[in-house]
Asks: 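Quick one: this structure, given as structure tokens, is what I'll be asking you about.
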Amino acid sequence: MNETNAIIYIHGKGGSAMESEHYKLLFPNCEVIGLDYQTFSDLKGTECGVAITPWDTGKEIYDAVKELKRRFENIILIANSIGAFFSMNAGIDEMILKAFFISPIVDMEKLITDMMKWANVTEQELESKGIIHTDFGEELSWEYLNYIRSHPIEWRVPTKILYGSKDHLMSIETITDFANKHQATLTVMDGGEHWFHTEEQMAFLDNWIKGVEV
């Protein structure tokens, strides 16, 4: 077994495994691997999909982490947006040393029900139709919502969270509640967005990853 730590990067919607290249300079003594999970590939290009079955994506992430665990003693997780939700849903707790979450989706049920409100869709309508396509490009699934409700998140990994004050998908109250319940460290970038991408935002992210006071 290799004693060197491995970093696994789980991208969000519209992202790719190539984003992991950014973290190689931040972790020069680790092997950094980006997982381009295929069960989510058909939703790339939009912002935050919920119709992909999380049980399929979770299995893909679990299998990838299990394979890495055969080669490395310690696995560190970096997960972005819905990638954090998929990771927490994958049952990988015992294989992960610590985690960094960037703009994580920590309450998928709330996000789905919020989208239902935006689309003026009731639970009765969703149950009746099964799947409803929204005007803002997302697909709502009754099966997905029921799965989320019957599989509450259990996450026992030491976690640091980076959140932008202008994140439009998760409220500060939702993020803070999750952080408090899971003893996670929460850092908020004033003016930061859900998608950290500007030069200022990426500099903030890098300093946060490196443990620099921000």
Side-chain angles (χ1 to χ4, degrees), residues 2 4-106 108 111-112 137-139 141 143-144 147-148 151 153 155 157 159-164 167 169-170 193-198 201-202 205-206 208-209:
N2 192 328
T4 304
N5 292 343
I7 308 289
I8 184 166
Y9 175 78
I10 310 295
H11 64 79
K13 189 172 183 183
S16 75
M18 291 299 295
E19 294 172 12
S20 64
E21 294 293 317
H22 178 82
Y23 300 94
K24 290 185 177 180
L25 291 176
L26 300 177
F27 294 94
N29 298 318
C30 299
E31 182 165 341
V32 180
I33 300 100
L35 179 63
D36 209 357
Y37 42 102
Q38 299 305 304
T39 49
F40 198 49
S41 60
D42 62 336
L43 283 180
K44 289 178 182 175
T46 54
E47 191 165 17
C48 187
V50 296
I52 286 296
T53 54
W55 47 93
D56 290 333
T57 306
K59 183 179 185 306
E60 193 171 354
I61 292 172
Y62 178 88
D63 289 344
V65 172
K66 186 176 181 180
E67 179 60 31
L68 281 180
K69 193 63 178 172
R70 294 193 181 103
R71 299 167 48 204
F72 298 93
E73 183 174 356
N74 297 316
I75 309 295
I76 298 170
L77 170 68
I78 302 176
N80 199 319
S81 188
I82 200 171
F85 163 71
F86 286 144
S87 297
M88 290 189 290
N89 188 64
I92 59 176
D93 300 49
E94 294 183 358
M95 296 185 285
I96 301 296
L97 178 66
K98 60 182 177 179
F100 295 90
F101 285 170
I102 303 160
S103 303
I105 302 301
V106 297
M108 181 57 77
L111 179 57
I112 294 173
E138 302 298 342
E139 191 173 87
S141 164
E143 182 183 23
Y144 196 121
Y147 174 86
I148 298 304
H151 293 79
I153 292 296
W155 186 245
V157 176
T159 301
K160 293 184 178 181
I161 299 172
L162 177 60
Y163 174 82
D167 192 317
L169 291 179
M170 290 279 104
E193 303 167 87
H194 183 75
W195 177 32
F196 276 69
H197 65 289
T198 68
Q201 290 166 357
M202 294 307 295
L205 185 155
D206 290 353
W208 169 73
I209 284 273

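Hydrogens, waters and symmetry mates are skipped; everything else that's a heavy atom, side chains included, is used.
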Asks: Taking side-chain contact (heavy atoms from CB on, under 4.5 Å) as the definition, give me every residue that meets it alongside Lys59, ordered by chain and number, with sequence neighbours left out.
Replies: Asp63
Asks: How long is the straight-line distance from CD1 of Ile8 back to SG of Cys30, given to the nearest 0.5 Å?
Replies: 13.0 Å
Asks: Using modelled atom types and a 3.5 Å cut-off, is there a donor and acceptor pairing between side-chain atoms of Tyr37 and backbone atoms of Asp56?
Replies: no
Asks: Determine whether a donor-acceptor pair (N or O, by modelled atom type, separation under 3.5 Å) exists between the side chain of Lys69 and the backbone of Glu73.
Replies: yes
Asks: Got Met108 and Tyr144 here, is their nearest side-chain heavy-atom distance under 4.5 Å?
Replies: yes
Asks: Out of the candidates Asp206, Ile78, Ile209, only one should pair with His22 under the side chain to side chain contact (heavy atoms under 4.5 Å, CB included) rule; please name it.
Replies: Asp206
Asks: Check each of Tyr62, Phe86, Tyr147 against Trp55 using the ring-ring contact (aromatic ring centres under 6.0 Å, His included) test, and report the only one that passes.
Replies: Tyr147
Asks: What residues form a side chain to side chain donor-acceptor pair (under 3.5 Å) with Thr159, not counting sequence neighbours?
Replies: Trp155
Asks: Treating Glu21 as the side-chain partner and Met18 as the backbone partner, does any N or O pair qualify as donor plus acceptor under 3.5 Å?
Replies: no
Asks: Might you work through the side-chain contact (heavy atoms from CB on, under 4.5 Å) test for Leu205 and Tyr23, ending with a clear yes or no?
Replies: CA-CA 11 Å; Leu205 185 155; Tyr23 300 94; 3.9 Å; yes
Asks: What pairs meet the salt bridge (Lys or Arg N to Asp or Glu O under 4.0 Å) rule with one or both residues in residues 85-95, with sequence neighbours excluded?
Replies: Asp93-Arg156
Asks: Passes side-chain contact (heavy atoms from CB on, under 4.5 Å), Glu31 versus Thr4? Steps please.
Replies: CA-CA 8 Å; Glu31 182 165 341; Thr4 304; 5.7 Å; no
Asks: Would you say that Leu169 contacts Ile105 through its side chain, given a criterion of any heavy-atom pair below 4.5 Å between the two side chains?
Replies: yes
Asks: In Å, rounded to the nearest 0.5 Å, how long is the span from CG of Leu162 to CD1 of Ile102?
Replies: 6.5 Å
Asks: For residues His194 and Ser103, report the shortest heavy-atom separation together with the two atoms involved.
Replies: O-OG, 2.6 Å
Asks: Taking C-beta and beyond as the side chain, do Glu138 and Lys13 meet within less than 4.5 Å on heavy atoms?
Replies: yes
Asks: Any side-chain heavy-atom pair from Lys98 and Ile76 closer than 4.5 angstrom?
Replies: yes
Asks: At what distance, to the nearest 0.5 angstrom, does CD1 of Ile33 lie from CD1 of Ile10?
Replies: 10.0 Å
